[in-house]
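Read the structure below first, then the notes.
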Amino acid sequence: QVQLVESGGGLVQAGGSLRLSCAASGRTFSSYSMGWFRQAPGKEREFVAGIKWNGAFIYSTRYVDSVKGRFTISRDNAKNTGYLQMNSLKPEDTAVYSCAVGPDVPTTQKGSYWGQGTQVTVSS
């Protein structure tokens, strides 16, 4: 069983930046793959970014087209924490952002264990 807790959301002006954190507890094989998803009111949940690694080696990363060049996914193995650095934020980025772990999140764009989510609101 894996527990995930997101933090770092908030209110930011368009063009600003936020860094989301995903703290994980409970080590499993699948925890070496994680990703970020978002859901806006009235819309389905959307894959945003994913990463798969083994120790210091990163196997793959993947981003939805709308955030390429603006968002960066990373992890700190020593802290059991994943991050999503979000720059040049736009109002359409407004959503609840959730992190997830799974066997291969970058490829499948699916998670097995989920956090509760953190609200990101971008004002114009």
Side-chain angles (χ1 to χ4, degrees):
Q1 201 75 8
V2 179
Q3 292 77 45
L4 306 173
V5 180
E6 301 96 335
S7 62
L11 176 64
V12 65
Q13 289 182 287
S17 299
L18 286 172
R19 189 179 75 162
L20 306 183
S21 298
C22 176
S25 61
R27 290 183 177 181
T28 66
F29 180 80
S30 63
S31 67
Y32 292 102
S33 172
M34 66 89 63
W36 291 91
F37 301 76
R38 65 187 181 187
Q39 186 168 28
K43 296 186 177 181
E44 65 183 4
R45 187 175 61 198
E46 175 189 31
F47 169 82
V48 177
I51 184 170
K52 186 176 183 180
W53 73 95
N54 188 343
F57 182 76
I58 298 175
Y59 287 111
S60 64
T61 59
R62 185 172 179 177
Y63 301 89
V64 67
D65 287 344
S66 61
V67 309
K68 288 181 179 178
R70 300 190 297 121
F71 292 9
T72 303
I73 188 170
S74 63
R75 90 293 184 210
D76 187 331
N77 292 341
K79 297 180 180 179
N80 291 319
T81 301
Y83 303 95
L84 184 68
Q85 179 66 46
M86 306 185 295
N87 299 326
S88 302
L89 283 163
K90 305 174 181 179
E92 52 263 43
D93 295 319
T94 296
V96 174
Y97 285 72
S98 301
C99 66
V101 298
D104 191 352
V105 175
T107 299
T108 65
Q109 302 183 38
K110 302 291 184 180
S112 298
Y113 299 94
W114 297 82
Q116 294 298 311
T118 185
Q119 177 71 47
V120 172
T121 303
V122 184
S123 65
S124 58

Exercise for the section: Taking the side chain as every heavy atom from C-beta outward, state whether Pro106 and Ser33 have any atom pair closer than 4.5 Å. Expected result: yes
Exercise for the section: Evaluate side-chain contact (heavy atoms from CB on, under 4.5 Å) for Ile58 paired with Arg75, printing each intermediate quantity in order. Expected result: CA-CA 10 Å; Ile58 298 175; Arg75 90 293 184 210; 3.4 Å; yes
Handout entry: Student check: side-chain heavy atoms of Gln116 and Val5 closer than 4.5 Å
Key = no
Exercise for the section: Can you sort out the partners of Phe37 under ring pair (Phe, Tyr, Trp, His ring centres under 6.0 Å), two or more places apart, ordered by chain and number? Expected result: Phe47, Trp114
Exercise for the section: With rounding to the nearest 0.5 Å, note down the distance linking SG in Cys22 to CG in Asn80. Expected result: 10.5 Å
Handout entry: Over 12 non-hydrogen atoms of neighbours within 6.0 angstrom of CD in Gln13
Key = no
Handout entry: Atom pair OG1 (Thr107) and CZ (Arg62), whose distance is rounded to the nearest 0.5 Å
Key = 7.0 Å
Exercise for the section: Find out whether Phe71 and Leu89 are in side-chain contact, i.e. whether some heavy atom of one side chain is under 4.5 Å from a heavy atom of the other. Expected result: yes
Practice task
Start with the C-alpha gap between Lys110 and Asp104, add the side-chain angles, then the distance that decides, and say whether side-chain contact (heavy atoms from CB on, under 4.5 Å) holds.
Solution key: CA-CA 8 Å; Lys110 302 291 184 180; Asp104 191 352; over 6 Å; no
Handout entry: Separation between OG of Ser60 and NZ of Lys52, rounded to the nearest 0.5 Å
Key = 6.5 Å
Problem - Derivation and outcome, salt bridge (charged side-chain N to carboxylate O under 4.0 Å, His left out), residues Lys68 and Asp65 - result: CA-CA 5 Å; Lys68 288 181 179 178; Asp65 287 344; 3.0 Å; yes
Handout entry: 4.5 Å side-chain heavy-atom contact, Trp36 and Glu6
Key = yes
Fill in the blank from the handout: In short, Ser66 meets Arg38 closest at the heavy-atom pair OG-NH2, 3.4 Å
Problem - Tyr32/Val101 under side-chain contact (heavy atoms from CB on, under 4.5 Å): CA gap, chis, key distance, verdict - result: CA-CA 8 Å; Tyr32 292 102; Val101 298; over 6 Å; no
Fill in the blank from the handout: Rounding to 0.5 Å, atoms OG1 (Thr81) and CG (Leu20) come to a distance of 12.5 Å
Practice task
Find out whether Met86 and Val67 are in side-chain contact, i.e. whether some heavy atom of one side chain is under 4.5 Å from a heavy atom of the other.
Solution key: no
Problem - Minimum side-chain heavy-atom gap Glu92-Val122 below 4.5 Å - result: no
Practice task
Hey, could you give me the CE/OH distance between Met34 and Tyr83, rounded to the nearest 0.5 Å?
Solution key: 10.5 Å
